[in-house]
There are 2 protein chains.
Amino acid sequence: MTVAFKDVKADLLDQIARGALRPGSLMPNETDLAESYGCARATVNRAMRELADEGIIERKRKAGTRVRMAPIRQARFAIPIVRDEIEALGAKYRYALVGRDVLPVPDWLRGRLGLQRGQDVLHLVCMHYADGVPYQHEDRWINPEVVPNVLKADFTASGPNEWLVSEIPFSDAEISFMAVEAENGLAEHLGCGEGAALFRIERTTWLQDRAITLVQLTYRRGHRMTTRY
Amino acid sequence: MTVAFKDVKADLLDQIARGALRPGSLMPNETDLAESYGCARATVNRAMRELADEGIIERKRKAGTRVRMAPIRQARFAIPIVRDEIEALGAKYRYALVGRDVLPVPDWLRGRLGLQRGQDVLHLVCMHYADGVPYQHEDRWINPEVVPNVLKADFTASGPNEWLVSEIPFSDAEISFMAVEAENGLAEHLGCGEGAALFRIERTTWLQDRAITLVQLTYRRGHRMTTRY
DNA sequence: TAGTGGTCTAGACCACTGA
DNA sequence: CAGTGGTCTAGACCACTAC
């Protein structure tokens, strides 16, 4: 039976978790490990590279590989698509367009989308419901310079996110998580008191240095975004 | 000049971003791509495997590789260590222990830490300051069954997180992000009004199915957690 | 400057799964 | 059952960097 890189990886992880390999300690080099596992160096390399990608160990040429003192454990979040999110709860998804406007880009937005003063942007406000109950409020700005078709698109039946993913790819994105206080309109749409603490995701996406869209996704009160790692 | 897997990856990404490879479309197989790039199949494989890991493309044996319709773009967050976070802002870090108690595990916590009724837990409340201004409030519960030394540890000078990472590894974790309203004590510690919306991270960590600790990290008002991908 | 990881190659066998 | 990706090997050369 040949030794798989998964075996090597699992064994190393196990040694770390059980304390056989202490944080900060120097691990054997690839050549030695390959010999002791009875496999090729490339196999050990693959295992250790994945551990390094996951932030468990730290590799430096010449200096060797060490177990990280404070593992930079990373969590991966699938960027949620609200329809899937709601259906995964076993609830029925419903969408509604609340508002649509084409207007000159506001000052606060100009820099973030990289636009010139006076250029038009499309502003959409939508609601997403789970079993008829407000679930998420979507406030979106789209740059028509990059996606001209968007001005002709009809968002009364389905949301702009679904339209955008089928229309245009993106190459970069920035995402932020934060807490906001429900102001007037938000509270009304989400069915909570004014001033309630709401969880919000804000995301900007670019295609080759040109901003496509900025969206604020605000969840109903009490929402949690969870992941295991 | 040999062709590197990064070149292949960058070229494929570029083709996707520019629309030459449409979402849903079938890509050539590894053998053909290797020939057209003039490199080994392993090189193409590495490039495509990374794209698949990142959720850009979807691979199935026999069926081939396709560009994802709705890219499951994933964001990776480095689990923040508050000291680093503050120092990265160029601010001076200060820590303070606010409260320490050993008490029978409360009902709401029992299930989450997998404890029996009546067992003791260590409860710590700490504050982290940036340039003397409240930055993060830490409310932590530690299971002394798993880390007995913790009852003898001194947390007046440095925080429990730094102690824990040097004392015990963990194998699994669950992390949640949410918004909470500042209740009385929290508002006072963080220097905000009662009822302010605050961003909170809640994390539970386990070592081999035994819960080590549950911590709630609540940030000062207006905090954002941001990442690019 | 020597040791370590980073990567590429050419070839091979295997596992999965769609047609 | 045949095509595709998944992985391993043995060897090689290279890039970085601690010493």
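Letters A, B, ... are given to chains in the order of the sequence lines, protein chains preceding strands, and every chain is numbered from 1. Scope of the values below: all heavy atoms of this structure, side chains included, with no hydrogens, waters or symmetry mates. Please read all numbers here as calculations on a predicted model, not as lab measurements.
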Between [N] ([atom2]) and [X] ([atom1]): distance, integer Å:
| X | N | atom1 | atom2 | answer |
| --- | --- | --- | --- | --- |
| B:F5 | C:dG5 | CZ | C1' | 13 Å |
| A:E58 | C:dG5 | CD | P | 13 Å |
| A:D7 | D:dG6 | CG | C1' | 14 Å |
| B:M48 | D:dT7 | CE | P | 14 Å |
| B:L51 | D:dG5 | CG | C1' | 14 Å |
| A:K9 | D:dC8 | NZ | P | 12 Å |
| B:E50 | D:dG6 | CD | C1' | 15 Å |

Next on the checklist: Counting only heavy atoms not in A:D209 (residues, nucleotides, ligands), do more than 12 fall under 6.0 Å from its CG?
Outcome noted: no
Checklist entry - Which is it for B:L164 and B:R140 under the side chain to side chain contact (heavy atoms under 4.5 Å, CB included) test, yes or no, and what are the steps along the way? => result CA-CA 12 Å; B:L164 280 170; B:R140 184 183 289 271; 3.5 Å; yes
Checklist entry - Of all heavy-atom pairs between B:E138 and B:P160, which one has the smallest distance, and what is that distance? => result OE2-CG, 3.3 Å
Item to check | Heavy-atom pair with the smallest gap, counting every atom of A:F155 and A:A153 | outcome: CZ-CB, 3.7 Å
Next on the checklist: Could you check whether any side-chain N or O of B:D11 sits under 3.5 Å from a backbone N or O of B:V8, counting only pairs where one atom can act as donor and the other as acceptor?
Outcome noted: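 It does not hold such a pair.
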Checklist entry - Any idea which of D:dG5, C:dG5, D:dT7 is nearest the A:R59 side chain? => result C:dG5
Item to check | Step-by-step side chain to side chain contact (heavy atoms under 4.5 Å, CB included) determination, A:T218 to A:D139 | outcome: CA-CA 8 Å; A:T218 310; A:D139 188 302; over 6 Å; no
Phosphate oxygens OP1/OP2 of [N]: is one of them under 4.0 Å from a side-chain N or O of [X]?
| X | N | result |
| --- | --- | --- |
| B:N45 | D:dG6 | yes |
| A:R46 | D:dT7 | yes |
| B:T65 | D:dG5 | yes |

Item to check | Parallel, tilted or perpendicular: ring planes of A:Y219 versus A:Y135, cut at 30 and 60 degrees | outcome: perpendicular
Next on the checklist: Pick the closest DNA chain D nucleotide for A:T43 and for B:G64 by heavy atoms, then say which residue is nearer the 5' end.
Outcome noted: B:G64
Item to check | Under 4.0 Å protein heavy-atom contact, by nucleotide of nucleotides 11-19 of chain D - B base, S sugar-phosphate only | outcome: -B--BBBB-
Which atom pairs, donor and acceptor, lie under 3.5 Å between side-chain atoms of residues 39-48 of chain B and protein residues at least two apart or in another chain?
residue: B:R41; atom: NH1; partner: B:E30; partner atom: OE1; Å: 2.6
residue: B:N45; atom: ND2; partner: B:E30; partner atom: OE2; Å: 2.8
residue: B:R46; atom: NE; partner: B:E50; partner atom: OE2; Å: 3.2
residue: B:R46; atom: NH2; partner: B:E50; partner atom: OE2; Å: 3.4

Next on the checklist: Pairing donors with acceptors under 3.5 angstrom, does anything connect the side chains of B:N143 and B:W141?
Outcome noted: no
Next on the checklist: Please give me every residue in residues 27-40 of chain A whose heavy atoms get under 4.0 Å of an atom in DNA chain C, ordered by residue number.
Outcome noted: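 Within residues 27-40 of chain A, the residues near DNA chain C are A:N29, A:E30.
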